[in-house]
Number of protein chains: 2
Amino acid sequence: MASSAAAVVAEAEGEEVTNRQVILKRYVTGCPTVDDMEVVAGAVRLAVPPGSAAVLVKNLYLSCDPFMRTRMTRHSEPGFVPDYVPGKVLDTCNVSKVVLSGHPDFKPGDLLWGVTGWEEYSLIPNPVFCHRINHHEFPLSYYTGVLVGKAKKGEYVFVSAAAGAVGQIVGQLAKLTGCYVVGSAGSDHKVNLLKTKFGFDDAFNYKKELDLNAALKRCFPHGIDVHFENVGGAMLDAVLRNMRPRGRIAVCGQVSQYNLERPDGVDLFQLVGKHIRMEGFLVSEYAGEYYRRFEEEMARYLKEGKVVYVEEVAEGIEAAPAALVGLFAGRNVGKQVVAVARE
Amino acid sequence: MASSAAAVVAEAEGEEVTNRQVILKRYVTGCPTVDDMEVVAGAVRLAVPPGSAAVLVKNLYLSCDPFMRTRMTRHSEPGFVPDYVPGKVLDTCNVSKVVLSGHPDFKPGDLLWGVTGWEEYSLIPNPVFCHRINHHEFPLSYYTGVLVGKAKKGEYVFVSAAAGAVGQIVGQLAKLTGCYVVGSAGSDHKVNLLKTKFGFDDAFNYKKELDLNAALKRCFPHGIDVHFENVGGAMLDAVLRNMRPRGRIAVCGQVSQYNLERPDGVDLFQLVGKHIRMEGFLVSEYAGEYYRRFEEEMARYLKEGKVVYVEEVAEGIEAAPAALVGLFAGRNVGKQVVAVARE
């Protein structure tokens with residue numbers, strides 16, 4: 001079906017075609033459900049405004065990101081990305097293919113990585129934040145996280161949500177750097193993958209640990225130098241207690257906190273006693289400077305088998321709401337994407 | 001009385017004299033009270049072990065520090081400084097005078113800044129972490145905090161607990177750097193001092209603000225570049241919401257959290273979206289490198305009237321427990337010390 005649609009595009013410039021979209025139905029409280037979203041059939045004209053620099057793309061892979069949850073709540077003040085709006089299409093940083101282009105840097109057939117809607121076709125008025133890509137298997141977030149943590153050879157590195165989209169790559173890059181790497185995940189299957197497929201030195205199932213502090217002590221008798229932080233709450237609190245002096249925490253996400261009305265408390269006084277640095281980061285800050293370098297390096301690692309990569313692919317845009325909701329139940333192993341079309 | 005005791009010392013080497021001590025009576029839950037401590041009359045022999053490098057000091061000023069509270073709870077694992085032990089004397093970083101010395105770097109009459117007990121006389125077996133001082137009016141913590149925050153000219157700086165021991169100096173040093181400086185404090189009297197005596201650009205009484213977020217928005221319509229963090233909890237949460245991209249938070253203390261069984265939650269996901277760096281620090285890490293520079297610079301500022309300094313002096317060791325407890329009620333303006341002796 002996707003490929004026949006693509007064939008239509010080539011022959012139907014100027015025509016109006018169906019454009020299915022995933023919209024937010026209502027602001028979310030607590031854990032999101034599929035009923036908070038809806039797949040609706042909109043329409044799009046296969047054209048870019050004459051004289052504009054817009055590009056029309058066909059979305060291939062939609063990225064399911066836990067932090068989308070934070071945009072489903074209405075905030076009284078603006079965050080770093082706008083809240084989603086009920087009745088409007090969701091968006092994330094997706095992989096798409098250029099159908100029509102008014103921009104000199106992009107031509108039909110180019111693969112792009114950039115913000116597009118959760119829909120079959122997106123019109124990007126100004127593709128300034130789009131990157132033409134050769135490899136669409138890996139988001140830049142993997143790379144930037146490693147840069148922020150500044151893990152050095154021989155250091156002790158802990159990755160929470162280690163079998164997720166970002167964690168799997170962060171851990172492997174830390175191993176390539178020569179670190180001792182331990183990850184946590186939410187099932188025995190994932191823990192097994194970490195230790196075998198991804199080459200972590202050790203891993204534990206946080207759902208089976210009665211005491212996260214004790215689990216970290218067991219895995220890190222000498223403490224943690226660098227923590228790649230995806231989770232927040234009780235896990236972060238236990239990590240803080242096990243950090244070594246001058247440790248660094250690269251804050252990528254806080255997935256355990258997104259569905260809460262009030263955040264869990266963690267003992268931030270630990271920062272003082274051990275001179276810990278905790279630093280957040282966003283992919284977008286690094287994209288311009290590092291994207292090409294990242295792409296080349298990662299392509300080489302993948303080709304050489306030094307990094308392996310797992311993704312969970314949901315088929316078709318109708319599957320998108322359930323794929324997103326599944327993130328919070330830990331259903332995905334590795335990166336969760338939705339394949340809207342294959343080409 | 002203090003001076004007559006000093007006279008006795010000079011003539012009584014080898015004698016045993018009374019040594020009043022403030023001991024912890026029991027581990028503390030919630031807010032500390034004077035009944036959690038006790039002043040007992042011990043004894044000390046005015047001598048240092050022959051052939052040792054020990055020094056015997058007479059304590060002049062005891063430093064009352066909010067973080068002492070964290071040491072009054074029994075922890076299952078060691079922190080950066082040991083917990084206090086019931087029945088044993090409290091200690092902090094105090095100002096003392098050398099009575100007898102077996103160490104070549106120190107001689108009788110030298111003023112020292114370093115860890116000693118809350119008692120009249122302390123024997124320091126190895127005075128390696130003691131600094132000989134010329135000016136005992138200001139602790140090094142003021143200086144190190146400013147270094148960590150890396151505030152630059154023209155930046156917006158917020159100081160919580162700004163009329164406290166550390167805040168008063170941090171704010172004035174930020175002003176000297178050319179920053180726009182706002183402080184919060186817990187009484188109108190303190191707020192008035194911040195705006196008049198300490199030269200802050202603005203200040204507010206957090207107890208009178210219904211909405212800390214709104215208060216910060218009013219004072220910082222463009223947001224906060226550097227926050228000097230003394231408080232934690234709801235104040236820190238509001239600060240995080242008002243930080244500018246690439247903002248820095250120097251974590252000195254978390255005074256609102258020390259009496260709680262479980263820490264308050266703050267929205268740490270804010271770190272991610274704005275790439276905020278949050279970094280704890282300890283005076284002791286900087287003491288070796290910066291103490292002399294700090295002392296010279298601060299002495300000059302005080303002499304030139306560029307920095308003013310307020311302290312609250314409680315008289316006599318018997319007043320020490322109440323002085324400490326008073327910190328948590330916000331009774332002190334500026335640095336709270338206990339004058340055990342004047343010379």
Side-chain angles (χ1 to χ4, degrees), chain A residues 66-67 69-70 75-81 144-145 148 211 213-214 217 229-233 236-237 240-243 245-258 260-286, chain B residues 66-67 69-70 75-81 144-145 148 211 213-214 217 229-233 236-237 240-243 245-258 260-286:
Chain A
F67 100 96
R69 170 61 186 85
T70 66
H75 294 91
S76 55
E77 51 202 297
F80 65 96
V81 285
T144 49
V148 171
D211 179 344
N213 186 21
K217 288 221 164 0
E229 161 68 355
N230 284 314
V231 168
L236 175 58
D237 194 64
L240 284 166
R241 288 170 206 284
N242 286 280
M243 291 298 287
R246 294 259 168 195
R248 288 89 67 204
I249 301 178
V251 187
C252 172
Q254 294 274 284
V255 68
S256 75
Q257 304 297 294
Y258 300 156
L260 306 179
E261 290 296 295
R262 303 184 59 154
D264 288 329
V266 300
D267 181 13
L268 293 174
F269 190 60
Q270 297 281 339
L271 299 181
V272 176
K274 294 184 283 197
H275 199 145
I276 297 167
R277 173 180 289 185
M278 202 168 163
E279 190 165 352
F281 67 95
L282 280 180
V283 170
S284 50
E285 287 185 282
Y286 293 87
Chain B
F67 101 97
R69 170 61 185 85
T70 67
H75 293 90
S76 55
E77 52 203 294
F80 65 96
V81 283
T144 50
V148 171
D211 180 345
N213 185 21
K217 288 219 165 1
E229 162 66 355
N230 284 315
V231 169
L236 175 58
D237 195 64
L240 283 166
R241 290 170 205 284
N242 286 280
M243 290 299 287
R246 296 260 166 190
R248 287 91 64 206
I249 301 178
V251 187
C252 172
Q254 296 272 286
V255 68
S256 74
Q257 304 296 294
Y258 300 156
L260 305 180
E261 290 296 296
R262 303 183 58 153
D264 288 329
V266 301
D267 182 11
L268 293 173
F269 190 61
Q270 298 280 339
L271 299 180
V272 176
K274 293 184 285 197
H275 198 146
I276 296 167
R277 173 180 289 184
M278 202 166 163
E279 191 165 351
F281 67 94
L282 281 181
V283 170
S284 50
E285 289 186 281
Y286 294 88

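The chains referred to below are lettered A, B, ... by the order of the sequence lines, with proteins before strands, and numbering in each begins at 1.
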Residues that A:D267 engages under side chain to side chain contact (heavy atoms under 4.5 Å, CB included), provided they are two or more places apart: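 With neighbours one apart ignored, the set is A:D237, A:R241, A:F269, A:Q270.
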
Heavy-atom pairs under 4.5 Å with chain B, option from A:G265, A:P245, A:G232 with the top count: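 Most pairs with chain B among the choices: A:G265.
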
Contact leader toward chain B among A:L260, A:V81, A:D264, where contacts are heavy-atom pairs under 4.5 Å: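 Of the options given, most contacts go to A:D264.
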
Full working for side-chain contact (heavy atoms from CB on, under 4.5 Å) between A:V251 and B:I276: CA-CA 9 Å; A:V251 187; B:I276 296 167; over 6 Å; no

Pair B:E229-B:Q254, side-chain contact (heavy atoms from CB on, under 4.5 Å): steps then yes or no: CA-CA 7 Å; B:E229 162 66 355; B:Q254 296 272 286; 2.5 Å; yes

A:E279: which of B:E279, B:R277, B:M278 passes side-chain contact (heavy atoms from CB on, under 4.5 Å):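 Among B:E279, B:R277, B:M278, the one that satisfies the side-chain contact (heavy atoms from CB on, under 4.5 Å) with A:E279 is B:R277.
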
Heavy-atom proximity to chain A below 4.5 Å, by part of B:S76: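 Contact with chain A is absent: no heavy atom of B:S76 under 4.5 Å.
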
Which portion of A:L236 sits near chain B, non-hydrogen atoms under 4.5 angstrom: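 Just the side chain, heavy atoms under 4.5 Å.
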
Residues that A:N213 engages under side-chain hydrogen bond (donor to acceptor under 3.5 Å, both in side chains), provided they are two or more places apart: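 So A:N213 forms a side-chain hydrogen bond (donor to acceptor under 3.5 Å, both in side chains) with A:K217, A:N242, B:E77.
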
Residue among B:T70, B:L268, B:V272, B:V266 with most heavy-atom pairs under 4.5 Å to chain A: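 Of the candidates given, the most pairs with chain A belong to B:V272.
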
